[in-house]
**Student:** 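Have a look at the structure that comes next, please.
We're numbering straight along the sequence, starting at 1.
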Amino acid sequence: MDDADLPRRTDDPAAQLARQDLDPLSVEELGERIQLLEAEIARCRQKMERAVNHRASADALFKR
């Protein structure tokens with residue numbers, strides 16, 4: 001089963017973040033938010049890369 005086939009959590013933090021009203025935020029606060037989100041994107045990409053490398057290592061070990 002692929003992760004995409006799994007149901008999304010109802011308390012998904014990314015979905016909650018996307019629903020937040022940005023109107024009350026200043027330009028400075030929006031810039032800080034963007035920096036935080038970019039750092040989180042980088043962290044997610046690193047996790048994905050480690051997962052792909054781990055899977056490739058396992059496949060090579062078991063000669064899939």
**Student:** Could you give the distance from CD (Q16) to CZ (R19), rounded to the nearest 0.5 Å?
**Tutor:**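 Separation between the atoms: 6.0 Å.
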
**Student:** Looking at E49, I'd like to know if its CD atom is crowded, meaning that more than 12 non-hydrogen atoms belonging to other residues, nucleotides or ligands lie closer than 6.0 Å.
**Tutor:** no

**Student:** May I have the step-by-step check of side chain to side chain contact (heavy atoms under 4.5 Å, CB included) for R33 and L22, ending in yes or no?
**Tutor:** CA-CA 10 Å; R33 182 181 176 110; L22 300 178; 3.5 Å; yes

**Student:** What's the spacing between I41 CD1 and E38 CD if we round to 0.5 Å?
**Tutor:**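 Output value for this atom pair is 6.5 Å.
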
**Student:** Near R45 CZ, under 6.0 Å, is it more than 12 heavy atoms from other residues, nucleotides or ligands?
**Tutor:**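 Check fails, neighbour count at 12 or below.
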
**Student:** Kindly determine whether E28 and E32 satisfy side chain to side chain contact (heavy atoms under 4.5 Å, CB included), including the steps that lead there.
**Tutor:** CA-CA 6 Å; E28 183 178 305; E32 291 171 359; 3.5 Å; yes

